[in-house]
Visitor: 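First, the structure itself, so that you have it in front of you.
Keep in mind the model is a prediction, meaning the values are calculated, not measured. If you read the sequence from its start, that first residue is 1, and numbering goes on from there.
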Amino acid sequence: MPKISVIVPIYNVEKYLERCVGSILNQTFSDFEVLLVNDASTDRSLEIARKYSGDGRVRVLDKPHSGLGNTRNYGVERAGGDYLLFVDSDDWIDENMLKNLYSAAVEYQADLVLFNFIRENLQDGEQRVCKLPINYPEFGDEVKELLITELVGPDREDSAWRHVEMLGCAWRRMYLRSWYLENGIRFGDEREIMLEDMPASIMAHCAAERLLVVGGAYYHYRYNPDSLSTRYRPHKMEMMTQCYSVIRRILTEQRLYERYAKRHLAWFLRSAVHSSLINCFSPKNPGGFLKKYREIRSILKNPYAREAVRSDYLKYGSRADRMILAVIRSGFAPLVYLFYGAYSRVLMRDTRKK
């Protein structure tokens with residue numbers, strides 16, 4: 001039985017896969033397996049993955065297309081390691097990642113290990129280490145409570161946590177496999193839910209009995225600035241609403257919902273309503289004025305959106321929070337259309353400058 005199972009979901013990543021797999025196989029730690037799980041790629045990804053099948057540490061699995069979350073679940077069901085790690089196939093890891101994480105996990109007998117990452121903007125030649133605003137290492141109930149709070153929603157006022165990135169990502173954690181399976185942690189179907197790893201991360205933190213946060217930044221996340229300004233998701237609001245609903249159910253089951261209700265509604269306002277309104281004005285949205293206007297009206301009528309704007313949680317937040325709250329709270333579709341049309345143009349202009 002290997003100490004660590006590294007699960008790599010693969011879908012049309014022929015340009016990046018060799019760097020990803022090479023970084024895993026080049027580890028200074030030796031007792032691990034790699035599950036390369038192909039999700040019905042239509043490019044050369046499966047062919048490239050099979051080149052590694054001669055390595056005894058590698059298993060290549062091929063399955064029908066079902067999305068990232070289900071592909072991770074498929075890998076977990078076939079993994080045999082004591083711990084689980086997820087690596088996205090367009091990213092890569094440092095050579096000491098497995099050694100350092102496993103050593104820390106064993107020392108603290110951790111069931112969940114959270115670590116930092118490096119944001120790689122290769123297009124602009126920029127690299128940035130993304131760390132949590134805490135002292136390291138952190139272990140126990142106090143940091144567990146803090147992280148659940150920050151995962152559920154934004155701080156009321158500006159703070160260092162407001163600038164934390166990718167906190168809910170699956171690849172930012174190492175999981176004790178036996179504990180993971182006992183707690184029924186699973187990822188959502190990305191065809192139905194956006195941020196499919198966020199509910200799984202919150203569930204993991206709620207279930208964690210021995211949570212460890214380490215200071216190392218071992219994971220290299222490939223950041224693509226173009227995707228922020230050009231991608232259009234036609235059902236974004238519905239899929240974000242599903243994410244909110246699943247997290248709300250988890251918090252209710254954990255008897256935490258009343259404690260975090262306003263904070264989670266603030267998350268819905270910013271991450272679902274606000275981002276879905278921006279999404280309407282993506283350059284890739286094929287619709288004209290009437291389609292966008294109807295989409296905006298539909299977003300404003302969402303029952304959770306109406307519940308969120310009644311909350312005063314963000315009333316004394318940043319200037320941007322207050323403006324967003326006031327515009328959406330108005331419920332006046334023409335005003336919302338004009339505001340987000342202008343707001344989206346500014347965002348796209350600023351993104352192109354970076």
Visitor: Taking C-beta and beyond as the side chain, do Val21 and Lys51 meet within less than 4.5 Å on heavy atoms?
Guide: no
Visitor: Quick one: OH on Tyr232 to NE2 on His235, what's the gap to the nearest 0.5 Å?
Guide: 8.0 Å
Visitor: Measure from the side-chain N and O atoms of Ser5 to the backbone N and O of Leu84, and report whether any donor-acceptor pair falls under 3.5 Å.
Guide: no
Visitor: In terms of side-chain heavy atoms, does Asn121 have a donor or acceptor partner in Arg222 at a distance below 3.5 Å?
Guide: no
Visitor: Any salt bridge between Glu77 and Arg186, counting N to O under 4.0 Å?
Guide: yes
Visitor: Answer yes or no: does atom CD of Gln127 have more than 12 heavy-atom neighbours from other residues, nucleotides or ligands under 6.0 Å?
Guide: yes
Visitor: Answer yes if Tyr11 and Leu68 sit in the same cluster of Ile, Leu, Val, Met, Phe, Trp and Tyr residues linked by side chain heavy atoms under 4.5 Å apart, and no otherwise.
Guide: no
Visitor: Please state whether the rings of Tyr244 and Trp267 are parallel, tilted or perpendicular, taking 30° and 60° as the class boundaries.
Guide: parallel
Visitor: Side chains of Tyr340 and His274: closer than 4.5 Å at any heavy-atom pair?
Guide: yes
Visitor: Within this structure, what is the OG-NE2 distance for the pair Ser311 and His264, rounded to the nearest 0.5 Å?
Guide: 12.5 Å
Visitor: Evaluate the side-chain contact (heavy atoms from CB on, under 4.5 Å) criterion for residues Ile148 and Cys206: first the C-alpha distance (whole Å), next the side-chain angles of each, then the deciding distance (0.1 Å), finally the verdict.
Guide: CA-CA 7 Å; Ile148 292 172; Cys206 288; 4.1 Å; yes
Visitor: Does Asp321 pair with Arg162 as a salt bridge, N-O distance under 4.0 Å?
Guide: yes
Visitor: Quick one: are Met194 and Cys243 in side-chain contact, heavy atoms under 4.5 Å?
Guide: no
Visitor: Measure across Ala170 and Asp197 and return the closest heavy-atom pair with its distance rounded to 0.1 Å.
Guide: N-OD2, 3.1 Å
Visitor: Is it the case that atom NZ in Lys63 sees more than 12 heavy atoms from other parts of the structure closer than 6.0 Å?
Guide: yes
Visitor: What is the distance from atom CG of Leu25 to atom CZ of Arg57, rounded to the nearest 0.5 Å?
Guide: 5.0 Å
Visitor: Where the side chain of Ser271 meets the backbone of Phe268, is there a donor-acceptor pair that is under 3.5 Å apart?
Guide: no
Visitor: Looking only at atom types and distance, does a side-chain atom of Ser103 sit under 3.5 Å from a main-chain N or O of Lys99, one as donor and one as acceptor?
Guide: no
Visitor: What about Tyr136 and Met97, same hydrophobic cluster or not, with Ile/Leu/Val/Met/Phe/Trp/Tyr joined at side-chain heavy-atom distances under 4.5 Å?
Guide: yes
Visitor: Give the minimum heavy-atom separation between Leu314 and Leu325, together with the two atoms involved.
Guide: C-CD2, 4.2 Å
Visitor: Taking Arg329 first and then Asp312, would you say they form a salt bridge - that is, a charged N and a carboxylate O separated by under 4.0 Å?
Guide: yes
Visitor: Should the pair Arg248-Glu307 be classified as a salt bridge under the 4.0 Å nitrogen-to-oxygen rule?
Guide: yes
Visitor: Relative to the ring of Phe117, is the ring of Trp171 parallel (under 30°), tilted (30 to 60°) or perpendicular (over 60°)?
Guide: perpendicular
Visitor: Between His65 and Arg191, is any side-chain donor less than 3.5 angstrom from a side-chain acceptor?
Guide: no
Visitor: Phe332 and Tyr337: aromatic ring centres closer than 6.0 Å?
Guide: no
Visitor: Under the criterion side-chain contact (heavy atoms from CB on, under 4.5 Å), which of Arg173, Met174, Lys144, Glu138 is the partner of Leu114?
Guide: Arg173
Visitor: Are any non-hydrogen side-chain atoms of Ile134 and Trp161 less than 4.5 angstrom apart?
Guide: yes
Visitor: In this structure, are over 12 heavy atoms from other groups packed under 6.0 Å from Asp141 atom CG?
Guide: no
Visitor: Give me the atom names and distance for the closest heavy-atom approach of Leu151 to Ser201.
Guide: CD1-O, 4.4 Å
Visitor: I need the minimum non-hydrogen distance between Glu196 and Gly69, along with the two atoms involved.
Guide: CG-CA, 4.0 Å
Visitor: Do you know which two heavy atoms are closest between Ala200 and Ile185, and how far apart they sit?
Guide: O-CG2, 3.9 Å
Visitor: Same hydrophobic cluster for Leu212 and Tyr219, using side-chain heavy-atom links shorter than 4.5 Å among ILVMFWY?
Guide: yes
Visitor: Is it the case that atom CZ in Phe289 sees more than 12 heavy atoms from other parts of the structure closer than 6.0 Å?
Guide: yes
Visitor: Could you check whether any side-chain heavy atom of Asn100 comes within less than 4.5 Å of a side-chain heavy atom of Asp94, counting everything from C-beta outward?
Guide: no
Visitor: Walk me through it: do Asn285 and Ser282 pass the test side chain to side chain donor-acceptor pair (under 3.5 Å)?
Guide: CA-CA 5 Å; Asn285 185 349; Ser282 165; over 6 Å; no
Visitor: Just so I know, are the side chains of Asp158 and His163 near enough to count as touching, which here means a heavy-atom distance under 4.5 Å?
Guide: yes
Visitor: Could you verify whether a donor N or O on one side chain and an acceptor N or O on the other, from Asn12 and Thr42, lie under 3.5 Å apart?
Guide: yes
Visitor: With a cut-off of 6.0 Å (strictly less than), are more than 12 heavy atoms of other residues, nucleotides or ligands near CZ of Arg322?
Guide: yes
Visitor: According to a hydrophobic-cluster definition based on side-chain heavy atoms being under 4.5 Å apart (Ile, Leu, Val, Met, Phe, Trp, Tyr only), do Leu335 and Ile278 belong together?
Guide: no
Visitor: What distance separates Met166 CE from Asn116 CG, expressed to the nearest 0.5 Å?
Guide: 13.5 Å
Visitor: Would the number of heavy atoms belonging to other residues, nucleotides or ligands and lying under 6.0 Å from NZ of Lys292 be above 12?
Guide: yes
Visitor: Applying a strict under-4.5 Å side-chain criterion to I, L, V, M, F, W and Y, I'd like to know whether Val106 and Tyr175 cluster together.
Guide: yes
Visitor: Decide whether a cation-pi geometry holds between Arg78 and Tyr74; the criteria are a distance under 6.0 Å from NZ or CZ to the six-membered ring centre and an angle within 45° of the ring axis.
Guide: yes
Visitor: Could you please spell out the steps behind the side-chain contact (heavy atoms from CB on, under 4.5 Å) verdict for Val34 and Asp55?
Guide: CA-CA 10 Å; Val34 185; Asp55 189 312; over 6 Å; no
Visitor: Would you call the rings of Tyr102 and Phe29 parallel, tilted or perpendicular, taking 30° and 60° as the class edges?
Guide: tilted
Visitor: Check Leu17 against Ala49 and note the closest heavy-atom contact, atom names and distance.
Guide: CD2-N, 4.0 Å
Visitor: So do Lys3 and Leu98 actually touch side chain to side chain, heavy atoms under 4.5 Å?
Guide: no
Visitor: Could you tell me whether the side chains of Tyr313 and Arg263 share a donor-acceptor contact shorter than 3.5 Å?
Guide: yes
Visitor: If you define the side chain from C-beta out and look only at heavy atoms, does anything of Leu147 sit under 4.5 Å from Leu167?
Guide: yes
